[in-house]
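Report on the structure given below.
All chains are named by letter (A, B, ...) in the order of the sequence lines, taking the proteins before the strands, and each is independently numbered beginning at 1. Small disclaimer: the values here were computed from a predicted structure and weren't measured.
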Amino acid sequence: MPDISVTIGMQQAWLLPAMPVVAFLIISFFRKLLPREGDFLAIIGMLGILLVTLFIIVDFQGFFHDGEFHPGEANVYAFDWVRISADNFLFLIEFSTYIDAISIVMLIAISIVGLMVAIYSTGYMQGEDRYGWYFAVLSLFVAAMLLLVTSGSLVWMYLAWEGVGLASYLLIGHYWERQSAAEAAKKAFITTRVGDVGLLIGIILLWKATGSFDIQTIIAAATSGQIGETYLTVAMLALFAGAVGKSAQFPLHVWLPDAMEGPTPASALIHAATMVVAGVYLIARFSPVYEVVLVARDVILYTGLLTAFLAASMGLVASDIKRVLAFSTISQLGFMFVALGVGAVGAAMFHVLTHAFFKALLFLGSGSVIHATGRQEVEYLGGLRHKQPITAATFIIGSLALAGIPIFAGFWSKDEILHAVSSYASPFVYIVLAGTALLTAIYTTRLVLLTFFGDPRDRSAFDHAHESPSSMTLPLLLLGLLATVSGFFVFDAVGNLFGFSGGIGYLVYLHHPHSFHIDWAFASVATVSSLTGVIIGWVYWHGGAERAIKARTWSPDLHALLVNRYYLDELYQGIINRVVLGLAGIVAWFDKKIVNETGVDGGAQFIGYFGYRLKFLQTGKIPNYALGIAAGILVLSVMVLARA
Amino acid sequence: MLKRIPLPAQFDRIIIGGGITVGAIGVPLGIVLVTLVAFGVISAPEMVFFVAAIIVILGALGCVLLPNIVHAALSLTATLIGVAALYLLLMSEFLALVQVLVYGGGVVLLLLFGLMMTNAQDDPVVTDGSQKPFAFLLVSLLIGTFITLLLSGDWGNPTAHVVPFELFGERLFREFALPIIIVAVLLDVAITGALVNVHTASNDLPEESE
Amino acid sequence: MTDIFGQTLNLNYGLLLPEIVLLLSSMLVIGVDAFKRQLKVSGNVPVGLALSGLLVALALSILQVNVDEDFARLVQIDSFTSFFRILFIAITLVIIVGSHEYIEKSVSHVGEFYGLLLLATVGAMLMASARELLTAYLAIELLSFSLYIAVSLARSDQRSGEASLKYVLLGGVASASLLYGLSMIYGVTGATQYHEISAVLSAGDTGLTTPLLLGLVLIIVGLGFKASAVPFHMWTPDAYEGAPIPVTAFLSATSKAATIALLLRWFGGPLLPIASDWQFILSGLAVATMVVGNLVALQQVNIKRLLAYSSIGQMGYMLMAIVAVGSGYASDATSAVLVHLAGYIITNLLVFISVTHFFNQTGQEEINSFKGLAQSNPYLALMITAGLFSLAGMPLLVGFFTKFILFQAVVSAGHLGLVTIAVVASTVSLYYYLMVIRQMYLYEPEDGTEQWKLSLTGYLTTLTLFVSLVVFGLWGTPLYAAADAAASMF
Amino acid sequence: MIPIEYFLTLGAILFGLGLFGVLSRRSAILILMAVELMLAGVSINFIAFASYLDTDAFSGLIFALFVITVAAAEVGLALGIVLRLFRERRTSNVDEASDMRW
C-alpha cells in the first residue's frame, strides 16, 4: 500500500466535490479570459477526482480484514453547518462524509465516465456557442453528484440532489434557442420536483422520528425498531418517490426521453451513467431499512418491473437513436430497482457500474454518429460501419453488453439480477424480467442494424460522414474496453489482481458478502434469451428499411401506442392543464364570478331586486373587497359561536 | 341676507323635512317612554338611554340608507350627537365634549365640504351598490352573531362611575405621553397626505379629460 | 416619575433615540424639500438627509442591542425590538439607496415621499416594540397612514390614486374591526398592558369566554388584513400594482414584517394562554392563504401583481408558523419565523430592486416584457433569477434554508398537515416563478439586443443582497443565531 | 341603573350598520361616513367598559379619545385621496375606480 494513502484517503473525501466546484467557479467567471474557455480546467478537475477516488479505494481496502469490511470509521465528521440548540431540542445539521462500498461504486462510475465525457466534449462541442459555460455546468454537475454520493447527512444530500437537478436543467436547456429544448428542460425540472417533494417529506418524517439528519443514525434507529412500522413505511415510500422522480421510473419517467434535447455527452454523463442512478443509490443507501419495511420493498420491485417492461417496449419503436437509448436507460434502471426490490443491493450496484460504462459508451457512440451525419433518426442512417469503423465497433461492443451477451459486462450484472430475482420473488417476476431482457436484445439489435448496417438511406448525410476526431474516439475505445472487461471483476481472482480484495462481490455485497459462483443453468437461460433476441432482431431488420416500415403495418394500433409512449405524456399534460391550471382558474373564476359578479350581480339577481340594473353594473371593487372582509368576519364569528 | 350665503337651496328642505320626521317619530316614542317611566317599568336613566339609542340607530340607518348624500351626512351628525349623549350617560363629560367638538364640529363639516367639492349638484342623489340585499342579509346575521356572543358572557352587575377630570388629564399626560406624540405625528402625516394629494391633482396631472 | 397609582415610570427618552432621530430627520427632509428654492440646496439634499438619519438610527439601534428596558410601560426595548429595528432600518436604507433614481423620476413629492418612508419605519419599529395595546394600535396606524399616502405618490399614474383609495377605505374597515376586537379584549381583561392581559387570561375562566372569542376573531381579521391573509387579501394586488415600485417593496417587506412582529408579540404573549381558541382560526387562514395566493399567482401577467400574490403565499407560511407558536414551542417557532422573515426580505428586496431598475430602463412591468433580458442585461436577469429561485425555496439560496427551518419548526410543533400543504404550495410556486425566468432566458428581446447597465447604486444594492442571499443560503447559522437571540424572551 | 349589556348591544348594532354602509354604498365619502359609524360603535364599547369595569385605571377612556382623534385624521387623509380621484376621473364612485382587477 503506498504511503501517500496516509495523507489522502477517506478522510479527505470532501476534496471530491471541492475540486469541480473550484473548476466551476473559475470557468464561469473567467471563461472569457482563459484559453479554450477553460475546458482544460474541467478535465484537470476530473483527473483529480479520479486520482482521489483511487486513493480512497486503496484506503478503503485497509478496512478489509477477517473476510469482511469494517467501514464504521469511514464516517467523517467535518463541521457543524447549522447548530440550533433550543430549550427542548437540538437541531443540528452537520457536514459529514460517509464512504462505503456503495459510494465507492458510484465514485468509480462518476470519475471514469466524467473524465471520458469531459475529454469527448472537447471534440464534440468544438466551436459551439457557450462552450466554456458548458464545461462550467458539467463541473457543477459533477460536484453536486459527488456531494450526493459522499454526504453523510440527509440535508446535504438533499441539497446535492437539487443541485444535480439544477445542473441537469441547465444542460438539457443548453440549446435554449430551440423551443423543444426549453420545454424539455422545464419538463424535466418540474417532473423531478414532484418526486423531490416526496423526498423532502421523507426527510422531514425521518428527522421528526429520530431527531437527526445523519444517515447512519437514522438507519440504526429505524432498523432497531424505534420507529412505528406504518410511519416508517410511509417515510420510506416518500423517499422512494424521490428516487422515482430522479431515476425516471414509472409514472415519472416521461422527462427522460425529452431530456435528450441536451448535448449528447451531457446526456451520456447525466442521463445515463450518473444522475439517473441517484435514485438507485438512495434506495441502496437505505437498504437496511427497506429490509424492515417489506411493503415498501414490494412497491419498489413492481415499480421497477413495470418500468423495465414498458420502457423496453417503447424502445422497440422509437426512431431517434438517443431516444432508444433513453428508453433503454429507463428500462435498465427498472432492472436495478427490481434488484433492490428483492434485496439484492449488490446486484443492483454491480449493474449500476457496468451500465454506467456501456450506456455511456452507447451515448458517446451515438453522439459520434450525430456529429458525423447531423442526423439522429435511424430511418435516415444506415451503412455507417464503412465510414466510422471505430464508432461502429465500439457501439457494437456496447450493444452486446446491453443485450447481455456473455463475456460482456452487461451479461454478468444482468445475470446476477435474474439470479437474485429467481431466488427471492415469484416466477412471474422472473418471467417478465427475462422477457424484458429478450426485448432489450431485440431493440438493441434493431438499433445497431439500422444505424451501421444495410444501405445508407440518406445519401447526402452518408457522404459527408467521417470518423470523429481522436478526442472523441479515444474515450470510446477506453469505455469499450471497460464495457468488455468490467464484468470480470465479479470473479475473486480478477478482483484481487486489481486490488479489490475478494473481488467486487465483497465490495458491493455489504451485508451478505459472497463470492460469485456462476450458475450455469441460469446463465444459459439468460444467454439463450439474449441470443434469441439478437436473432429475432437480425431476421427482422436485416436488409433495410422496408422491414422497418413493415413493423408499423403489422399492428398499427400497437405501434401507435408504443410510439406515443402509452399516451402518458398527453395524460400528464392534460392533468396539468385541467387540474393545476384548472384549479388556479377556479380560484380566479371565483374571484371574478362569485365575489365580483355573483356577490354583486348574481346576489342581486338571486334576490331579484336589483336585477334590472345589471347592465349598469361595473365590477365595483371596494365594496366587493369589503364583502370579503365582512364574510370573513361572519364565518369566523359563527365558527367560534359554534365552538363555544 | 340668507340668500347670500352659498348654501345649497336644499337646506331649507332639510330643515323642514327633518323637523317633520323627528316630530312624527319622536313625539309618539317620547310619549311611550314617558308613560313607561311613569309606571315604573323603566328608570329615568334608562329612558334617556332609549331616547339616545333611538336617535343613534335612526341616524345610523339614515346615514347608510338615505339616497341623498347631504341628508345622509346630516343623519350621521344626529348619530354622533346621540353617541355624545350616551357618553354623558356613561359619566364621561369630557369625551362627550370631545365627540361633539371633533365630530359634530370638525369631521362632519369636513365630510360636507368633501361632498360639495366632489358632487357639487343641488340634489346629489346616489345609487347604491347592487350587493345591498346581500349585504343586508350578511350584516343582519353578523349583528345577530355579535349580540349573541356578547350577551352569552357573564358581565356581572357593574355600575358606571365618574372619572375625575384632573385624574384623567394626569394619567393621559403622564403615562400616555408617547401615544400623544405618536398621534401628533399621525396628524402631521394625515395633513401631509391630504396636501400632496390635492397638490398632485392640481399640478402634476396632464389636462383633464373634459 | 410616578404614575397616578404611585408606581414608578421609566421615562428614559434615550431608549427611543432611534425613533426620535428618524422622526426628526423625516421632518427635516420634508421641510428642506418644501423650501428647496429658498434655501438654494441641490436635489440630493433630501435623500442625503434621509440616509444620514437612517444611518444614525441604525448605529443607535445597534448600540442598544443588549438593552432590556421599558419606556413608561408602553414600549419594551429588548432583543426582539432590536432585531426588528435593525431589520426595518436596513430595509428602508436598501430601498432608498437601491431605487433613488426611480423615486426622483417617477414619484411626485420626493421630499414627502422620503419623509413618509421614514415615518412608516418609525411606525413599524413601534409595532415591534409596543407592550401596550393603545401604543400598538397607534403604531399600526402610523405605519398604515404613511403607506396610504406613499401608495398614492406615483407620478401621473391614475392607478396610484385608485390603489390608495382602495387601501385607505378597506384599511379603515380593517382597523375598525381591529379596534372592536381590542375593545373586547380590554373589556374582558380590564387591561391594556400585555403582561396584565396575559395574567388575567392565564388565571382561568373569566365567565366571558364568548366576548373574548369575538374579540379574538376581530383582532385576527384586522391583522389578517394587514398581513394579506385570505380572504382579507383583496386589496393587496391592487395596492401593489398601483403603488410606486419602492413602495410596493416596502409594503411587501416592512409592512408585512411589522405585522408579523405584532402577531408574534400578541399571540406569543398576552394571547398565548388561550392558544387553543385561535389556533384553528389561524390554521384555516394559513391554509387558505397559501393555497389561494399561490394558485392565483399562476394567472398573473403583471410582475407586481405576481409578486403580490407570491407575498400572500409567503404570508401563509408565516401564519402557519404562528400556529406553531401556540403549540408550546413559542421560542423555537418564533426564531424560525424570524429567520424566514429575514431571508424572505433579503430575497424580496433583491427581486423588487431589480424590477425597479428594469422599470427605469424600459418603463414596462408586464411579465412578457422581460423577454430576452438574459441578453440585454444578463446581470439583472441573474439577479432576478436568483431571487425568484430563492422565493421558490431552491437549495443553496437563503430561501431554502429559511423555509426549511420554518417547516421543521412547524413539524416539530406537530402540524404535519399544514406543512404538507405548504410544501405542495411551494412546489406550485416554482411554476409561476419559472414563467418569469423563462421569459428572460428563452426568448429573444423584442426591441433588439441592446445591452444596458445599471447605475452604481443599483449594482451596489443588488450585489449586496445577492451575496447575502448566497452566503446565508450556504451558511445560515449567523442568521439563526440573531433570530434565536431575538426570540429568547418568548 | 342601565345594564352594561345595553351599551354593548348598541355598539354592536352601530358597528354592523357601519359595515352595511361600507358594503352597500358606492360613494367614497359615504363609505367613509360608514367607517365613522363603525368607529363610533367601538368608542361606545371602550367607554362603557372603562366606566363600568375599569374605573380605577380607565384606560378605555383614553383609548376612546385616541380613537376619535385617529378617526378624524383618517377622514382628512381619505378625503384628500377622494378629492384627487375626483379630479382625475370626475367621480367619487368607487365602482368606477376599478381599472385594476384580477
Please rank [options] by heavy-atom pairs under 4.5 Å with chain D and give me the top one.
options                       : answer
B:V189, B:L138, B:I180        : B:I180
B:C63, B:G156, B:S43, B:G193  : B:C63
B:L187, B:V163, B:L150        : B:V163
B:V98, B:V107, B:L80, B:L65   : B:L65
B:L111, B:I191, B:L89         : B:L111
B:L86, B:I182, B:L142, B:L186 : B:L86

Contacting region of [X] [heavy-atom separation from chain D under 4.5 Å]:
X      : result
B:L110 : both
B:V139 : side chain
B:S92  : side chain
B:Y103 : side chain
B:L167 : both
B:A44  : neither

Is there a side-chain contact between [X] and [Y] in this structure, where contact means two heavy atoms from C-beta onward sitting under 4.5 Å apart?
X      : Y     : value
B:V198 : D:R84 : no
B:Q99  : B:V83 : yes
D:F63  : D:N45 : no
D:L10  : B:I57 : yes

Tell me yes or no: between the side chains of B:Y87 and B:E93, is some donor less than 3.5 Å from an acceptor?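 Note: B:Y87 and B:E93 side chains miss the donor-acceptor criterion.
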I'd like to know which of [options] tops the heavy-atom pair count under 4.5 Å against chain B.
options                    : value
D:T55, D:L61, D:L77, D:V75 : D:L61
D:A40, D:G11, D:G41, D:S43 : D:S43
D:L85, D:T69, D:I81        : D:I81
D:I31, D:V70, D:I2         : D:I2
D:L19, D:L65, D:V82        : D:L65
D:I47, D:L30, D:L79, D:I44 : D:I47

Do any pairs count as a side chain to side chain donor-acceptor pair (under 3.5 Å) and have a residue in residues 104-115 of chain B, sequence neighbours left out, and if so which ones? none
Please flag which part of [X] lies under 4.5 Å from any non-hydrogen atom of chain B: side chain, backbone, both or neither.
X     : value
D:A57 : both
D:L14 : side chain
D:Y6  : both
D:S59 : both

Reported [atom1]-to-[atom2] distance for the pair [X] and [Y], which is rounded to 0.5 angstrom:
X     : Y      : atom1 : atom2 : value
D:F46 : B:L95  : CZ    : CG    : 12.0 Å
D:Y52 : B:H161 : OH    : NE2   : 10.0 Å
B:L61 : D:L37  : CG    : CG    : 9.5 Å

Worked check of ring pair (Phe, Tyr, Trp, His ring centres under 6.0 Å) between D:F7 and B:W155: CA-CA 12 Å; D:F7 287 99; B:W155 293 102; over 10 Å; no
Tell me, yes or no, whether the heavy-atom count around B:F168 atom CZ, taken from other residues, nucleotides or ligands under 6.0 Å, exceeds 12. yes
Face-on cation placement of B:R171 at D:F58 ring, 6.0 Å and 45° thresholds: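 Yes, a cation-pi geometry holds between B:R171 and D:F58.
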Might you point out which heavy atoms bring B:P158 and D:I4 nearest each other, and give the distance in Å?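 Residues B:P158 and D:I4, closest heavy atoms: CG-CG2, 4.3 Å.
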